[in-house]
Amino acid sequence: MQLSLSLSKPAQHLKNPLMAASGSGSIMWFRKGLRIHDNPALEYASKGSDFVYPVFVIDPHYMEPDPKAFSPGSRLAGLNRIRFLLESLVDLDTSLKKLGSRLLILKGEPGQVLIRCLKEWGVKKLCFEYDTDPYYQALDIRVKEYASAAGIEVFSPVSHTLFNPADIIQRNGGKPPLTYQSFLKPAGQPSWASSPLLTSISSLPPVGDVGSCEISEVPSIKDLGYGDIEQEWIPFRGGESEALKRLKESISDKEWVANFEKPKGNPSAFVKPATTVLSPYLKFGCLSSRYFYQCLQDVYKNVQKHTSPPVSLAGQLLWRDFFYTVAFGTPNFDRMEGNKLCKQIPWNDDDELLAAWREARTGYPWIDAIMVQLRKWGWMHHLARHSVACFLTRGDLFLHWERGRDVFERLLIDSDWAINNGNWLWLSCSSFFYQYNRIYSPISFGKKYDPNGDYIRHFLPVLKDMPKEYIYEPWTAPPGIQRKAKCIIGRDYPKPVDLPCICMQLGVILIFTLMLVSVVYHDSASKECKRKLAEAYALNQKLNGQLSQEDLDNLRRKLEQDEDLEPKIRRQRQKVGHLT
DNA sequence: GTCTCGTTGCTGTA
DNA sequence: TACAGCAACGAGAC
């Protein structure tokens, strides 16, 4: 019996316990993996089942508005990602309906809701994609415990990544490999690589009786309590259909796929981004990474030569698995403290500087334009992420990578726990990458790709009429040029200043009142950062990475004292600098 | 202990 | 556009 017609009625009207009790039912619990293609959990749920309950639980913490957050959205996610998720759910629901099923939306704490469904619906199987994120690890233990005690079979296959991180760690002697190359060896070829994946399903068993569980349609942004909030146009729409369309477009250009080299991409390309922009679809599992990998292998087979990992497109999927593996095998991966892989560094704590970075008013147009793109689109090119992450941490501001990680985690539509933390560890030279003398310039790095500054003009329209000679360093533009460009630096757009020097000369209070005065001179700041990192590295080496809070505090004090020894040099620098 | 190598730096020079 | 020089780290292999 097909129940999808009657499900539009309130759930109470559907109560028919006999129906669920008389057949064998399964719950397909969607969390990530919001797709039909290559979904082994869904496949198993429907096998031999009279009924399948496709469930998604809306967790209010993740979805409902938090007025205290620094951007529109919930406590945990910015509005762009919430919208992307809702679009993905609508698309999934549409696909399920075509197959004779539908998506059942429930609300509440996911563990409690799931256990209630298990009790109410009398199913024999619970199926969901395995997830290595700590949140799901903890949640799944609870749900599995209940299911096991209730005699319900649990099927939780690995299908979010190419490999099972636990397998790689085991093959690597119980420890996660810490370099990409040493990851490739135990990884080898994926076991499923040469056999076809199930990419389509012709039909699904009907949904069973939902009893007294409250089921709703996929809510809109408005339904979630955001009112009639005006949504910025963004070029990425959520959902499996969109993911497969985007994948098809990307791989149809075989030459582009074959020649893809990630580090050569242009971070300032925004009309047509230099990458596939499939990351948000991989994040939510709208696209199977395994299917993507197979599609790439098909292209590689049919071209004479192609690029290889780590720079190739397939190499990008392996990077994803690399970070998943290290993250899974490392306690406290998302923190400096208690994280064995992470250098212990006495980062500064400064809310004003953090806010200037987050709110795109550092005074460096390249940095600020990237942060605007992050806010507006929830996505920016990988190298653009590098620029702003380096600037926040080891390049200029010397602020804690965890603060930047939090901002990315909230605002990115593709924010992924393992990859985001891994990249912040990398960029801050806290782990994986240690060449702290290689610093991205907030001026010349962007200029190299986009000398005219079109990217800046687009995302920072206040600078749209600034001549290209000055657009990366607008504080150097003569007053006449600034007037002509209708952008007075220090009034319409911030100028970068040497914060420690100003603090000494004018007092800290003044700084906090000058909202249009921002951040640092890159030259002096980056030198300071290098000096601090050299000292922190030396102490980490001396103490074998076992730094206590007291060690860090002492080092911080020492670094601050050393900084005070240089005011004369600094003042000299300011006199000869461009700012007057 | 020594050596090689590492997805993605910058500047100056030819 | 390509390369040297800059300053220089750690994981992993041996």
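By convention in this document, chain letters (A, B, ...) are assigned in the order of the sequence lines, proteins followed by strands, and residues within each chain are numbered from 1.
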For [X] and [N], what is the distance between atoms [atom1] and [atom2] respectively, to the nearest whole Å?
X	N	atom1	atom2	value
A:F260	B:dT8	CZ	C1'	11 Å
A:N423	B:dT7	CG	C1'	11 Å
A:L184	B:dG6	CG	P	11 Å
A:I419	B:dT7	CD1	P	16 Å
A:K448	C:dA2	NZ	C1'	14 Å
A:K262	B:dG6	NZ	P	18 Å
A:F183	B:dC5	CZ	P	22 Å
A:Y440	B:dC10	OH	C1'	12 Å

Worksheet item: Given the rule that a pair is Watson-Crick or G-U wobble with both distances under 3.5 Å, how would you write DNA chain B in dot-bracket, using | for pairs to a different strand?
Response: ||||||..||||||
Discussion item. Quick test of your reading of the model: are A:E560 and A:R557 salt-bridged, counting only N-O distances below 4.0 Å?
Written reply: no
Worksheet item: Is the ring centre of A:Y521 less than 6.0 Å from the ring centre of A:Y364?
Response: no
Worksheet item: Within the stacking criterion (centroid distance below 5.5 Å, interplanar angle below 30°), does A:Y180 stack on B:dT7?
Response: no
Item to complete: Give one of base, sugar-phosphate or nothing for A:E261, where a contact means two heavy atoms less than 4.0 Å apart.
Response: nothing
Taking atom [atom1] in both [N] and [M], what distance in whole Å separates the two?
N	M	atom1	answer
B:dC10	C:dG10	P	22 Å
B:dC5	C:dA8	C1'	14 Å
B:dT13	C:dA7	P	16 Å

Worksheet item: Can you tell if the side chain of A:R35 reaches within under 4.5 Å of the side chain of A:Y291, non-hydrogen atoms only?
Response: no
Worksheet item: Can you give one letter per nucleotide of nucleotides 4-14 of chain C, going 5' to 3': B for a protein heavy atom under 4.0 Å from the base, S for sugar-phosphate only, - for none?
Response: ---B-BSSSS-
Discussion item. Run the side chain to side chain contact (heavy atoms under 4.5 Å, CB included) test on A:L399 and A:W357 for me, step by step, so that the C-alpha distance in whole Å, both residues' side-chain angles and the decisive distance to 0.1 Å come before the verdict.
Written reply: CA-CA 10 Å; A:L399 298 185; A:W357 176 82; 5.9 Å; no
